[in-house]
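Have a look at the structure below before the remarks.
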Amino acid sequence: MLWIALHLPLLSLESFAATLPDAVASQPLALVEAHRIAAANASAQALGVQAGQKRATALALAPQLLLGQADERRDLQALTSVAHAALAFTPAVSLSGRCSVVMEVQASLRYFKGVQALRQRLHDALQPLGHRVHMVSSPTAQGSALLAQVCDDLHCPDEAALRQALAAAPACLPETARAQADVLQAMGLHTLGDVLRLPRAGLARRLGLALLQEMDAALGDRPDPREPLALPASFHSQLELFARADTTEQVLQGAQVLLARLVAWLSAQHAFVRSFRLVMKHEPRWRHDDKFPQATTLDIALAEPSRDAGHLMVLLRERLAALQLCAPTMELALQADDIARQPPPNGELFPTPQSEHAGLTRLIERLQARLGREQVQCLSPVDDHRPECATAVQAAEPARWQRWGPHDARGAAQSSAQPGHSAALQATPITRPVWLLMRGQPLQELRSQPLLEGRPLQVLAGPERIESGWWDGALAERDYFIAQTAEGALVWLYRARLPLSAGREGDGWFLQGRFG
Amino acid sequence: MEPPFVQPLVNATPDAKASPQARARLGAAAVSPETLHPSLWRGHQLGRGVEQGVPSGFPALDAQLPGGGWPRRALTELLLPHPGVGEVRLLAQALARVQQAGRLVMMFDPPAAVSAPALQQLGLEVDQLLVIQTHAQVRPEADRLWALEQVLKSGHVGAVIAWLPPRLRAERVRRLQLAAHAHDGPAFMLREASAQQQASAAPLRLALRAAGADQLALRLLKRRGPPLLAPLHLALPPVLSAAAWRRLQGLAEAEAAAGERLRAASFVNLA
């Protein structure tokens, strides 16, 4: 059995810093508990603020110090997301104490090709969550958890090395020994090695059976079963912001933390998310105000299930940029239920058609997120003789470009038929102009010859009679002509077919299109 | 005795030990830059890109373009007096080739509504085409340039045709040219003819003008190579049928003979 313990020494500070905007998080911060400083970050410590000082002393040393309260629920959420990130490597993960996670990885060593590689990948997976992690591996869970509190990046391959490492650890390290720290010091026991050299019966009588049992579990002489963490079926995470967020940019910074947790939860079950929802709860301006909505909800659906934090962030940013916040936001919540379990995409060196299509889907999603869904259009021809109805415009579906198989076959078949195809293309003249005006533009006439921008048009070919549309009330009875402008560009004109129906269509020449 | 053949022109310095004849031969056949590296050329030669260009379908044009076709990974500027001079028919063959390779073509803000049957007649596949409109945006110019940059940088799209906003600043075009380095395919930027006076970062610039029915006059304003002084005349895929062509010829002759320009239009059933 090989247990890896992940200890987060600055968990409370980091979870507090996550609620602040980025610019403020690098300033001196400290957590206060019962008017005494509980923890301070590096820039506060540089100014002289220490844990245990009185609040007034700390503020005198650093006037710009930002003080916050430690919140257990907030710390637990952050620790749980670290555990979820660890669940991607092994199912046997459990929380240990207030700020540690232990995981049993013996069964995963072969898949991940050794302890060093596994530890490196674990380190990379925990990077986006933004916590400082001490990682220690040893044959027992309790031993790893104890050692992780004092040192970082240690590997004890067997019990002898573990015993040696524990012997050098301070005596007050175990939970059960902390209450009796002065007793241990009076006895002259400074390290755990000293404690372990004492006779067991005397140790149990003087310092308590609990300490003996904990040391036995740490050394591997006593079974220490751990309850593995159960992954929740749906993702629900909250973040209460320290300062109200007035702009969408500030909301985005908070949402980044939540998205990192979502990605950790997804990687624990090797799944991809299809849609998620961001709920922004508002601060009511007046207590009895019912007109303002309590929360603004933003639903984001993805065309292709994805786990890429960068891509989700881009989509969220574009949607938030288009959103108008009606009131300042105090709390953010992220929910995700709709997930898809599918094999991950292959990472390849050279772009293959498959990876290119996946990238194309994301590109179209990004464009639609910024410009609006209706602005990215695809065309399709409609069987209608009326030129303004012959083209249907629809919003593009990004998921259409995911499938490669049938398209590839079509491409191959077409490239083989290309010489015949292009020969056929050359043979038929083009009868429709590329540029169409949806409503005909009326043209001036001079001696019954149409004028475009004051210059006469030379009618060259026609008439092509189009009479259609009696079934939907937009009857079109027109004679179409191809005409040449003074420079030589070709345009498509029409005039109403019969003089009798001229009143309906309008009299005279109309410009319908230009041959591009 | 020195060998009768001359060494390949990699090492151009004539050997001191070689005979005077060999030295003269080596000196005369001086090393030409294009054999050293594809990006080198002399001023009077047509430059050659690292990659082969996309054939345009018009051999007379391909002979004048560096790389033998529309350049990849670079912008191509086309300057038109107004839409509808034949620019789509000029580009249709190159775009059809890109689509046949299975890649997507994107159009940005076409100047009028696009007719899908017309594109099909030109040989393009309508379901391999996306149209992106930014007219309805709050800041259309900024959004159009952003979308263009994203599409060019991603490199997943086969060809891009964009109608740029009028009076665009030169540094914006330069930024698009830098983004186009990641785009493996042609990128056509269509602008107004008055942009001729402005310098542009695009390595290939053409000015288009209609020169008669189904004829296009091209002037190569800028290319990697010597300037082309005379405009090229290309015959576009025809819109007019043969009978209409004959009528046009007859009209032109009659007009040259009579010298009278305006004629009354008459309804005659033409084939």
Side-chain angles (χ1 to χ4, degrees), chain A residues 353 356 359-360 363-364 366-367 370-372 375-381 387 390-393 396 401 407-408 411 414-415 418 421-422 425-426 428-438 446-450 456 458-463 482 484-485 487-491 513-516, chain B residues 81-89 93 96 100-102 104 110-123 126-127 129-134 136-137 143 146-147 150-151 154 156-157 209-215 237-241 244 247-248 251 261-265 267 270:
Chain A
E356 180 159 307
L360 192 58
L363 174 68
I364 297 174
R366 266 208 316 270
L367 290 175
R370 167 110 171 205
L371 303 173
Q375 310 301 325
V376 180
Q377 301 162 344
C378 57
L379 308 171
S380 53
T391 305
V393 173
W401 277 276
H407 190 77
D408 188 12
Q414 282 211 333
S415 57
Q418 192 216 349
H421 176 78
S422 60
L425 164 64
Q426 296 294 338
T428 57
I430 300 154
T431 57
R432 291 283 175 271
V434 177
W435 305 127
L436 274 185
L437 300 170
M438 283 296 156
L446 182 64
R447 287 186 233 154
S448 69
Q449 200 172 19
Q458 192 88 32
V459 174
L460 293 177
I482 301 178
Q484 184 187 22
T485 62
E487 297 102 34
L490 292 172
V491 297
R514 291 178 186 267
F515 285 91
Chain B
H82 60 84
V85 298
E87 69 275 16
V88 183
R89 282 182 279 165
Q93 298 218 25
Q100 272 156 13
L104 192 66
V114 183
S115 160
L119 290 178
Q120 283 183 327
Q121 283 173 350
L122 285 172
V126 181
D127 51 358
L129 176 73
L130 273 186
V131 175
I132 300 185
Q133 306 277 5
T134 59
Q137 299 294 311
D143 281 339
W146 175 87
Q150 292 298 309
V151 166
S154 79
H156 296 299
V157 173
R209 193 173 50 87
D214 293 336
Q215 302 276 326
V239 172
L240 298 176
S241 59
R247 182 161 190 267
L248 182 61
L251 274 176
R261 182 97 183 134
L262 295 174
R263 304 174 77 84
F267 282 110
L270 305 162

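Chain naming here is simple, since letters A, B, ... match the order of the sequence lines and numbering starts at 1 in each.
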- Straight-line distance of A/L490 CG to B/Q215 CD, nearest 0.5 Å: 10.5 Å

- Is there a side-chain contact between A/Q375 and B/T134, using heavy atoms and a 4.5 Å cut-off? no

- Okay, A/L363 and chain B: the region with an atom under 4.5 Å from a heavy atom over there is side chain

- Part of A/I482 lying under 4.5 Å from any heavy atom of chain B: side chain

- If you tally heavy-atom pairs under 4.5 Å against chain A, which of B/L129, B/D214, B/V126 wins? B/V126

- Query: Which pair of non-hydrogen atoms, one from A/L460 and one from B/R247, has the smallest distance, and what is that distance?
  - Reply: O-NH1, 4.0 Å

- Side chain, backbone, both or neither: which part of A/Q484 has a non-hydrogen atom closer than 4.5 Å to chain B? side chain

- Item | Modelled atom types, side-chain donor and acceptor of B/Q150 and A/R366, under 3.5 Å | yes

- Return the set of residues passing salt bridge (charged side-chain N to carboxylate O under 4.0 Å, His left out) with B/R209 (not counting sequence neighbours), or none when no residue passes. none

- Begin from the C-alpha positions of A/T391 and B/V114 and carry the test side-chain contact (heavy atoms from CB on, under 4.5 Å) through to its verdict. CA-CA 8 Å; A/T391 305; B/V114 183; 5.9 Å; no

- Task: Quick one: closest heavy-atom pair of B/A244 and A/A461, and the distance?
- Result: CB-CB, 4.0 Å

- Task: Give, for atom CG of A/L367 and atom CG of B/L130, the distance between the pair rounded to the nearest 0.5 Å.
- Result: 9.0 Å

- Note on the structure: Nearest heavy-atom contact between A/R370 and B/D143 is NH2-OD1, 3.0 Å

- Item | A/A489 versus B/G84, closest heavy-atom pair with distance | CB-O, 3.5 Å

- Query: Taking all non-hydrogen atoms of both residues, which atom of A/T431 and which atom of B/Q121 are closest, and how far apart?
  - Reply: OG1-NE2, 2.7 Å

- Message: If you count heavy-atom pairs within less than 4.5 Å of chain B, which of A/P433, A/G513, A/A392 leads?
- Response: A/P433

- Of all heavy-atom pairs linking B/A116 and A/S380, the shortest is CB-C, 4.1 Å

